[in-house]
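Residue numbers start at 1 and run along the sequence shown.
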Amino acid sequence: MNGVHDMGGMHGFGKVEPDADDRAFHAEWEARVLAMQRAIRAARAWNIDMSRDAIERTPAKRYLAASYYERWLMGMERCVVEKGLIDPDELAAGHALRPGKVAARAMTKDDIGQTYTRGSFYRPPNHEARFKPGDRVRARNINPATHTRLPRYVRGHEGVVEAVRGCHVFPDAVTTGRGEDPQWLYTVVFDGRRIWGPGSDPTLTVSVEAFEPYLEPI
């Protein structure tokens, strides 16, 4: 999906300006959003790929005007409705209008530590890796209507496989209901001039973690 989040190399946005105020939270409600996200992880209502997909479907105008934790909140609002945990009228009302629905499991105090530990997405491979370090590849010029982790700015461009990272859960499949469908993951290095033209910094390279279905041999 060509979501608004995928902005690498786009013109008109200027350079990245680090926030001089590096506090973890700028308001109390932001900490509550983080806590809700952790609790939902323990409840296993959805996973990180579904959460990213929900955030990335935010309309561009709203996404760009929102802060970091506002985007998290918008993604959670979309997920709780789509997963049937609440109804749209309850979201609009800001409170429950009928008895709550039962989640797969409830978070307990014993789960708190685990919610800050990212699980492994590695899975045993079911086929040999198609590429090896040093292979030249081309990122497919795809524009799926659904979720993808292939950045727009490398699509159609040539790169070199730098490393093979094992077989992992394929987010594109998870978010479209096709299960985990594990795929090989590679680090692919692109020359910045191939992406942004001969006028760009000649020393610039970009490394992308790309799943095997994103790549084709040259």
Side-chain angles (χ1 to χ4, degrees), residues 1-83 85-86 88 90-95 107-121 147-154 165 168 171 174-175 185 187-190 192 195-196 199-210:
M1 182 180 179
N2 298 328
V4 65
H5 70 290
D6 191 6
M7 297 168 59
M10 292 179 67
H11 288 181
F13 290 95
K15 64 180 182 179
V16 175
E17 297 285 359
D19 187 351
D21 183 354
D22 63 353
R23 290 176 297 166
F25 307 110
H26 296 78
E28 184 178 346
W29 68 265
E30 294 182 336
R32 293 177 65 85
V33 169
L34 176 61
M36 286 191 291
Q37 185 80 322
R38 300 304 182 194
I40 288 169
R41 177 180 295 181
R44 298 171 186 166
W46 56 81
N47 60 31
I48 190 170
D49 294 321
M50 296 171 184
S51 178
R52 284 172 172 162
D53 176 46
I55 293 173
E56 292 162 10
R57 282 186 280 133
T58 302
K61 185 176 181 179
R62 192 175 180 199
Y63 181 97
L64 293 173
S67 68
Y68 180 75
Y69 281 108
E70 283 178 311
R71 292 168 186 164
W72 277 34
L73 181 59
M74 289 188 290
M76 281 193 287
E77 290 176 346
R78 182 170 287 115
C79 283
V80 291
V81 172
E82 292 180 348
K83 299 299 179 185
L85 296 177
I86 69 171
E90 294 178 292
L91 185 63
H95 57 82
M107 181 180 179
T108 70
K109 64 179 182 180
D110 295 331
D111 294 322
I112 293 176
Q114 294 182 351
T115 63
Y116 285 89
T117 302
R118 177 169 292 185
S120 173
F121 294 89
H147 184 71
T148 184
R149 303 306 296 169
L150 181 64
R152 260 179 297 182
Y153 56 84
V154 302
R165 302 297 184 186
H168 298 262
V174 171
T175 55
L185 184 67
T187 298
V188 182
V189 180
F190 297 85
I195 298 175
W196 292 294
S200 60
D201 184 345
T203 67
L204 182 64
T205 61
V206 177
S207 297
V208 170
E209 302 296 288

Colleague: Rounded to the nearest 0.5 Å, what separates atom NE2 in His26 from atom CG in Asp19?
Modeller: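 So the NE2 of His26 and the CG of Asp19 are separated by 4.5 Å.
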Colleague: How about Phe25 and Leu34: do any of their side-chain heavy atoms sit closer than 4.5 Å?
Modeller: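 Heavy-atom side-chain distance check passes, below 4.5 Å.
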Colleague: Looking only at heavy atoms, what is the nearest atom pair of Met74 and Ala66, with distance?
Modeller: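 What the structure gives for the nearest pair is CE-CB, 3.5 Å.
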Colleague: Do Trp46 and Val174 make a side-chain contact, defined as non-hydrogen atoms from C-beta onward lying under 4.5 Å apart?
Modeller: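 No - every pair of side-chain heavy atoms lies 4.5 Å or more apart.
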Colleague: If I compare all heavy atoms of Val208 with all of Pro151, which pair ends up nearest, and what's the gap?
Modeller: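 Heavy atoms only, the tightest pair is CG1-CD, 3.8 Å.
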Colleague: On a heavy-atom basis, which atom in Tyr153 and which in Ile195 lie closest, and how many Å separate them?
Modeller: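 Result for this residue pair: O-CG2, 3.1 Å.
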Colleague: Could you tell me the separation between the CG atom of Leu204 and the OG atom of Ser200, rounded to the nearest 0.5 Å?
Modeller: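 One gets 6.5 Å once the value is rounded to the nearest 0.5 Å.
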Colleague: Any donor-acceptor pair under 3.5 Å linking the side chain of Asp49 with the backbone of Thr175?
Modeller: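 Not at all, since once roles are kept as given, no pair shorter than 3.5 Å links the two residues.
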Colleague: As an exercise, state the distance from CG of Asn47 to CD1 of Ile40, rounded to the nearest 0.5 Å.
Modeller: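 One gets 12.5 Å once the value is rounded to the nearest 0.5 Å.
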Colleague: Taking the side chain as everything from C-beta on, heavy atoms only, tell me whether Arg52 gets closer than 4.5 Å to Arg149.
Modeller: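 SC-SC contact between Arg52 and Arg149 confirmed.
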Colleague: Apply salt bridge (Lys or Arg N to Asp or Glu O under 4.0 Å) to Arg78 and Glu56, showing your working.
Modeller: CA-CA 11 Å; Arg78 182 170 287 115; Glu56 292 162 10; over 6 Å; no
Colleague: Looking only at heavy atoms, what is the nearest atom pair of Ala54 and Cys79, with distance?
Modeller: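 It is CB-SG, 3.5 Å.
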Colleague: Just so I know, are the side chains of Met76 and Val33 near enough to count as touching, which here means a heavy-atom distance under 4.5 Å?
Modeller: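 Touching, per the 4.5 Å side-chain cut-off.
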Colleague: Is the shortest side-chain heavy-atom distance between Ile86 and Leu91 below 4.5 Å?
Modeller: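 Yes, their side chains come closer than 4.5 Å.
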Colleague: Within a strict 4.5 Å, meaning less than it, do heavy atoms of the His5 and Arg71 side chains meet?
Modeller: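 They are not in contact (no side-chain heavy atoms under 4.5 Å apart), so the answer is no.
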Colleague: Minimum heavy-atom separation for Ala65 and Glu70, please, with both atom names.
Modeller: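 Looks like O-OE1, 4.2 Å.
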Colleague: Where do Glu30 and Ser67 come nearest, in terms of heavy atoms and distance?
Modeller: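 In terms of heavy atoms, the two residues are closest at OE2-OG, 4.3 Å.
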Colleague: Do the rings of Trp72 and Tyr69 sit parallel, tilted or perpendicular, given the 30° and 60° boundaries?
Modeller: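 Judged by the thresholds at 30° and 60°, the geometry between Trp72 and Tyr69 is perpendicular.
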Colleague: Let me see the working for Lys83 and Met50 under side chain to side chain contact (heavy atoms under 4.5 Å, CB included), right down to the final yes or no.
Modeller: CA-CA 11 Å; Lys83 299 299 179 185; Met50 296 171 184; 3.5 Å; yes
Colleague: Working to the nearest 0.5 angstrom, can you tell me the gap between Met36 CE and Leu73 CG?
Modeller: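 Rounded to the nearest 0.5 Å, the CE-CG separation comes to 5.5 Å.
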Colleague: Measuring from Ile48:CD1 to Asp53:CG, what's the distance to the nearest 0.5 Å?
Modeller: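 Ile48 CD1 to Asp53 CG: 12.5 Å, rounded to 0.5 Å.
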Colleague: Going by heavy atoms in the side chains, are Arg165 and Thr187 under 4.5 Å from each other?
Modeller: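 In short, these two side chains touch, coming nearer than 4.5 Å.
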Colleague: I want to check something: taking the side chain as every heavy atom from C-beta on, are Met7 and Leu64 in contact at a cut-off of under 4.5 Å?
Modeller: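 When only atoms from C-beta onward are counted, Leu64 and Met7 do touch, with a gap below 4.5 Å.
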